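The analysis underlying the following values was restricted to heavy atoms, covering all of them including side chains, and did not include hydrogens, waters or symmetry mates. Model, not experiment: these values are computed from the prediction. We're numbering straight along the sequence, starting at 1.
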Amino acid sequence: MRMKWVYRVPFERNTDRVKEMRYQYVHRILELDASVTPQEYIFIDEAGFNLTKRRRRGRNIIGHRATVDVPGQRGGNVTMCAALSHHGVLHHHATLGPYNTAHLLVFLDTLNNHLIPPQERESKRDQSRPCML
């Protein structure tokens, strides 16, 4: 027996329930691709960044410590949310701190205004368009 690196894997990632949900998702996308009506997929992702990330290792002359100057206070977090399609980035927004429900609703509303301007929305109100989140 040997010592090995331990890899962190979220406990629900490979459960049978999650695998089945992935399977159903892929089949739903394949069904949409095969349909007569052309589909446009928009993927929304959110990611957080800490502004004080720094290297943990460094270089210096032998016998001298590798040091780096750091701020006295811990830096803030920036959260970025973006909507992507095969056309590229449709909309993005960054905010200081975490993304909560209010931020997400504002992001989705702004994305909706970018995709369908308010003038067009009034004229197309009677035409239903399927939307899948």
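A donor-acceptor distance shorter than 3.5 angstrom exists from the side chain of Gln39 to the backbone of Thr37, with no hydrogens or angles considered.
Among residues at least two apart or in separate chains, there is no side chain to side chain donor-acceptor pair (under 3.5 Å) pair with a member in residues 80-89.
By the 4.5 Å heavy-atom criterion applied to side chains, Ile42 and Leu115 are counted as neighbours. Side-chain contact between Phe107 and Ile44 is present, with heavy atoms from C-beta onward closer than 4.5 Å. Looking at Arg28 and Tyr25, their side chains never come closer than 4.5 Å, going by heavy atoms from C-beta outward.
To the nearest 0.5 Å, atom CZ of residue Arg22 and atom CZ of residue Arg17 are 10.5 Å apart. The CD atom of Glu31 sits 8.5 Å away from atom CD of Gln24, with the distance rounded to the nearest 0.5 Å. Note that the OG1 atom of Thr79 and the CG atom of Asn77 stand 6.5 Å from one another [nearest 0.5 Å].
Within 6.0 Å of CG in Asn14 there are more than 12 heavy atoms belonging to other residues, nucleotides or ligands. Crowding of Met80 atom CE: a count of heavy atoms from other residues, nucleotides or ligands under 6.0 Å exceeding 12.
The minimum heavy-atom distance between Ile29 and Tyr41, with the atom names listed, is O-OH, 3.4 Å.
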Side-chain donor/acceptor pairs under 3.5 Å, residues 90-105, sequence neighbours excluded:
residue, atom, partner, partner atom, Å
His91, ND1, His114, NE2, 3.4
His93, ND1, Tyr99, OH, 3.1
Asn100, OD1, Ala102, N, 3.2
Asn100, OD1, His103, N, 3.0
Asn100, OD1, His103, ND1, 2.9

Table please: side-chain donor-acceptor pairs of residues 58-65 below 3.5 Å, with sequence neighbours left out.
residue, atom, partner, partner atom, Å
Asn60, ND2, Arg65, O, 2.8

